[in-house]
Amino acid sequence: MPIPANFASPARVSAKDRAFLQIQEWIIDGTLKPQEKLNDGDLAKALGVSRTPIREALQLLSVQGFVEMFPGVGTQVTTVNPEDINKILPPLGALQALAAELAAPYMDSSTIEKLRSINRSFADSLLRGDTFSALKQDEQLHNLIIEKADNPYITSYVSSMQAHVMRLYYNKTIILKPRSIDEHEDIIKAFEEKNTHKASDVARTNWLRAIDEYYGEK
């Protein structure tokens, strides 16, 4: 189980949370490969923590579907199933649509300008072929909308599903397309017009389109 040595540790988080975030990142980007067996001792040594927070982190990762735990046998990374795009994006799209609906009445000019600025960066990255940066900017844009919705339950559920979206991206199941640039702008314009329904509808479409694109390219 090769573990990188030159990773950056997030500051001011508990040992369990730090272990969770780092192991999750390694699973998402493929550093820890599907079906790879995980050794809690090796992970503890690499992360500079005891085995207890590693085991706690692995339990959380098991609940979220990133690892499988076999009592008395061991723990291994789950496989990536591209067909899970059908299970992840519909509920995520519904939550993103709800977030846009809740956020619309509270969108001020400052937030709208931030959204436009992010979308410009997103467009620049995407058109340059830097899809990883574009994905992070896409996430930033939608997270700003969720922040305005001010609903911690939506925030929590979206965060959990977004991690699986990132894994599907690294697996080349989800591919960003230039149409997202225009859809983002349509959402922003809907916020300007206080058009709650349009903002919600376009937000949902923006997420669900990836399903059609995945099957269209097969």
Side-chain angles (χ1 to χ4, degrees), residues 10 21 24-25 28 64 84-217:
L21 291 170
Q24 183 189 59
E25 181 181 322
I28 287 172
Q64 292 197 2
D84 281 349
I85 192 172
N86 293 308
K87 299 176 181 178
I88 296 170
L89 291 191
L92 181 56
L95 286 172
Q96 295 282 0
L98 178 58
E101 179 181 338
L102 295 174
Y106 304 103
M107 281 292 174
D108 52 35
S109 58
S110 174
T111 305
I112 287 171
E113 181 49 42
K114 286 180 184 176
L115 289 170
R116 274 219 169 85
S117 176
I118 295 169
N119 196 36
R120 285 193 292 268
S121 297
F122 169 79
D124 180 63
S125 296
L126 190 58
L127 297 176
R128 283 189 292 105
D130 184 359
T131 55
F132 178 76
S133 293
L135 185 69
K136 300 303 290 184
Q137 287 147 358
D138 180 80
E139 185 178 13
Q140 184 183 2
L141 183 144
H142 288 287
N143 282 347
L144 183 53
I145 296 171
I146 290 169
E147 182 182 323
K148 273 294 183 180
D150 194 25
N151 186 313
Y153 298 101
I154 293 177
T155 303
S156 176
Y157 293 139
V158 168
S159 176
S160 177
M161 286 188 284
Q162 188 69 30
H164 288 282
V165 168
M166 290 290 287
R167 196 178 187 200
L168 288 175
Y169 163 78
Y170 275 103
N171 190 57
K172 302 187 185 306
T173 302
I174 291 178
I175 300 173
L176 293 174
K177 295 294 182 69
R179 189 188 295 183
S180 285
I181 301 168
D182 294 331
E183 288 171 347
H184 290 166
E185 179 59 27
D186 287 343
I187 295 170
I188 295 167
K189 285 180 179 177
F191 286 145
E192 285 181 319
E193 298 164 357
K194 302 296 182 184
N195 190 332
T196 300
H197 295 300
K198 181 179 178 182
S200 177
D201 288 346
V202 179
R204 185 192 301 269
T205 298
N206 183 239
W207 285 94
L208 295 185
R209 183 169 44 75
I211 298 176
D212 294 334
E213 289 174 348
Y214 169 70
Y215 286 105
E217 293 184 357

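Source: prediction; values computed, not measured. Numbering starts at 1 and runs along the sequence shown.
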Closest approach of Ala203 and Gln96, non-hydrogen atoms and distance? CB-O, 4.0 Å

How far apart are the closest heavy atoms of Ser125 and Gln137, and which atoms are they? OG-OE1, 2.9 Å

For the residue pair Leu89 and Val165, establish whether any side-chain heavy-atom pair is separated by less than 4.5 Å. yes

OH-CD1 distance between Tyr170 and Ile28, expressed to the nearest 0.5 angstrom: 8.0 Å

Check ion pair Glu113-Arg120 (N to O, under 4.0 angstrom): yes

Are His184 and His142 side-chain neighbours, meaning at least one heavy-atom pair lies under 4.5 Å? yes

Looking at every heavy atom in both Gln64 and His164, which two are closest together, and how far apart are they? O-NE2, 2.6 Å

Distance in Å, Asp138 CG paired with Asn119 CG, rounded so as to fall on 0.5 Å steps: 9.0 Å

Under 4.5 Å between any side-chain heavy atoms of Leu176 and Phe122, yes or no? yes

How long is the gap from CG on Asp150 to OG1 on Thr155, to the nearest 0.5 Å? 8.0 Å

For the pair Arg128 and Asp124, find out whether any cationic side-chain nitrogen is under 4.0 Å from an anionic carboxylate oxygen. yes

With sequence neighbours excluded, what pairs up with Ala190 under the side-chain contact (heavy atoms from CB on, under 4.5 Å) test? Asn195, Lys198, Ala199

Any Phe191 side-chain heavy atom under 4.5 Å of Leu115 side chain: yes

Distance (rounded to the nearest 0.5 Å) between Leu141 CG and Glu139 CD: 11.0 Å

Please determine whether side chain to side chain contact (heavy atoms under 4.5 Å, CB included) holds for the pair Ser180 and Glu183, giving the CA-CA distance in whole Å, both sets of side-chain angles, and the decisive distance to 0.1 Å. CA-CA 5 Å; Ser180 285; Glu183 288 171 347; 4.2 Å; yes

Where do Tyr106 and Lys148 come nearest, in terms of heavy atoms and distance? O-NZ, 3.5 Å

Does the pair Thr173 and Asn171 meet the rule for a side chain to side chain donor-acceptor pair (under 3.5 Å), with working shown? CA-CA 6 Å; Thr173 302; Asn171 190 57; 3.1 Å; yes

Could you grab the distance from atom CD1 of Ile118 to atom CD1 of Ile145, nearest 0.5 Å is fine? 9.0 Å

List for me each residue that meets side chain to side chain donor-acceptor pair (under 3.5 Å) alongside Asp201, sequence neighbours excluded, and say none if there are none. none

Nearest heavy-atom contact between Ala210 and Ile85 is O-CD1, 3.8 Å

Who passes side chain to side chain donor-acceptor pair (under 3.5 Å) against Glu192, sequence neighbours left out? Arg116

Output the distance between atom NZ (Lys87) and atom CG (Leu92), rounded to the nearest 0.5 Å. 16.0 Å

Which pair of non-hydrogen atoms, one from Ala97 and one from Ser200, has the smallest distance, and what is that distance? O-OG, 3.2 Å

Give the intermediate values and the outcome of side chain to side chain donor-acceptor pair (under 3.5 Å) for residues Thr131 and Tyr169. CA-CA 10 Å; Thr131 55; Tyr169 163 78; 2.8 Å; yes

In terms of side-chain geometry, is the basic nitrogen of Arg209 or Glu213 positioned less than 4.0 Å from the acidic oxygen of its partner? yes

